Amino acid sequence: MKYLATLFFIVFTSFAFAQDTGLIVGKVLDKELNNTPLAFANVSIKGSNLSVTSDFSGMFLLENLKDGKYTLVCNFPGYETKEIDVTITSNEPAEVELSLGSFTLPAIEVASAENNSKAIKASASLK
């Protein structure tokens with residue numbers, strides 16, 4: 001009976017201290033290169049200081065998040081920044097896939113002006 005009471009106490013306390021946290025698991029892909037994995041992309045939660053970096057296979061993991069709605073921000077140099085809304089529940093992990101396209105700069109026009117000034121000759125001497 002003593003062992004049964006101890007077993008019941010251990011099981012009960014493990015449920016009592018269970019955390020109500022969730023996680024986000026995802027993959028960052030390069031849209032321009034047929035959705036190949038994008039390594040070392042930065043993934044963060046908007047409005048917080050929590051951020052991670054994707055690994056060589058483009059995978060990332062954000063853990064210990066309370067239930068609720070979050071906005072993920074994914075960026076990589078030379079690519080467009082992408083934001084996505086994610087809802088976290090402690091019962092199941094949220095799975096996301098982010099495809100980033102390369103950043104295109106607007107066209108820049110360069111105007112040339114003819115230089116009508118006279119050439120200036122300069123000479124230097126050392127003594």
Side-chain angles (χ1 to χ4, degrees):
M1 183 68 169
K2 183 179 180 181
Y3 296 113
L4 184 60
T6 305
L7 179 63
F8 177 75
F9 179 73
I10 291 172
V11 171
F12 178 73
T13 55
S14 66
F15 285 117
F17 290 109
Q19 296 179 356
D20 292 330
T21 60
L23 58 94
I24 300 172
V25 62
K27 191 168 192 173
V28 183
L29 303 171
D30 187 346
K31 190 186 329 182
E32 304 295 324
L33 293 175
N34 298 325
N35 288 330
T36 56
L38 191 58
F40 307 115
N42 185 35
V43 180
S44 61
I45 294 180
K46 190 174 188 176
S48 75
N49 59 357
L50 182 63
S51 79
V52 294
T53 304
S54 63
D55 62 8
F56 285 108
S57 62
M59 299 292 294
F60 66 90
L61 176 67
L62 290 163
E63 296 180 293
N64 299 325
L65 301 172
K66 294 184 179 183
D67 292 353
K69 292 185 178 183
Y70 295 93
T71 301
L72 284 182
V73 179
C74 183
N75 55 20
F76 189 80
Y79 289 77
E80 295 176 344
T81 299
K82 188 168 190 175
E83 293 187 7
I84 187 170
D85 293 327
V86 180
T87 302
I88 301 296
T89 58
S90 57
N91 297 337
E92 59 188 57
E95 296 180 13
V96 295
E97 189 172 282
L98 299 162
S99 293
L100 300 181
S102 62
F103 184 72
T104 56
L105 293 173
I108 298 174
E109 291 184 25
V110 178
S112 63
E114 292 183 24
N115 190 357
N116 292 331
S117 63
K118 296 180 181 177
I120 298 173
K121 294 183 180 178
S123 64
S125 63
L126 296 172
K127 292 184 179 182

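The model shown is predicted, which means the values in this text are computed figures rather than measured ones.
- Separation of atoms CG (Leu23) and OG (Ser90) is listed at 10.5 Å; rounding is to 0.5 Å.
- Put simply, the side chain of Ser54 gets close to the backbone of Leu38: a donor and an acceptor are under 3.5 Å apart.
- Of all the heavy atoms in Lys82 and Leu100, the pair that sits closest is CB-CD2, 3.6 Å.
- Cys74 SG to Glu80 CD: the interatomic distance, rounded to the nearest 0.5 Å, is 12.0 Å.
- Atom OG in Ser102 sits 8.5 Å away from atom CG in Leu33 (nearest 0.5 Å).
- The OH atom of Tyr79 sits 11.5 Å away from atom NZ of Lys31, with the distance rounded to the nearest 0.5 Å.
- Proximity of a side-chain donor or acceptor of Asn42 to a complementary backbone N or O of Asn75 within less than 3.5 Å is not detected.
- Using a 4.5 Å heavy-atom cutoff, the side chains of Phe60 and Leu98 are in contact.
- With contacts defined as side-chain heavy-atom distances shorter than 4.5 Å, the pair Leu61/Ile24 does not qualify.
- Contact of the Leu29 side chain with the Glu97 side chain is registered, since non-hydrogen atoms from C-beta on lie closer than 4.5 Å.
- Two residues are said to be in side-chain contact when any heavy atoms from C-beta on lie closer than 4.5 Å; Leu72 and Ile45 meet this criterion.
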Item to check | Test log, rule side-chain hydrogen bond (donor to acceptor under 3.5 Å, both in side chains), inputs Thr89 and Asn91 | outcome: CA-CA 5 Å; Thr89 58; Asn91 297 337; 5.6 Å; no
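- When all heavy atoms of Phe76 and Ala41 are compared, the closest pair comes out as CD1-CA, 3.6 Å.
- When every heavy atom of Ala94 is checked against every heavy atom of Thr87, the shortest pair comes out as CB-O, 4.0 Å.
- Here the side chains of Thr21 and Leu65 are not in contact, with every heavy-atom distance at 4.5 Å or above.
- No side-chain heavy atom of Asp30 sits under 4.5 Å from any side-chain heavy atom of Asn35.
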Checklist entry - Does the side-chain contact (heavy atoms from CB on, under 4.5 Å) test come out yes or no for Met59 and Val25, once each step is laid out? => result CA-CA 7 Å; Met59 299 292 294; Val25 62; 4.1 Å; yes
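- The ring pair (Phe, Tyr, Trp, His ring centres under 6.0 Å) check on Tyr70 picks up nothing, with sequence neighbours excluded.
- Contact annotation: the side chain of Pro37 approaches that of Lys27 to within less than 4.5 Å [non-hydrogen atoms, C-beta and beyond].
- Looking at heavy atoms from C-beta onward, Phe40 lies out of side-chain contact with Val28 at the 4.5 angstrom threshold.
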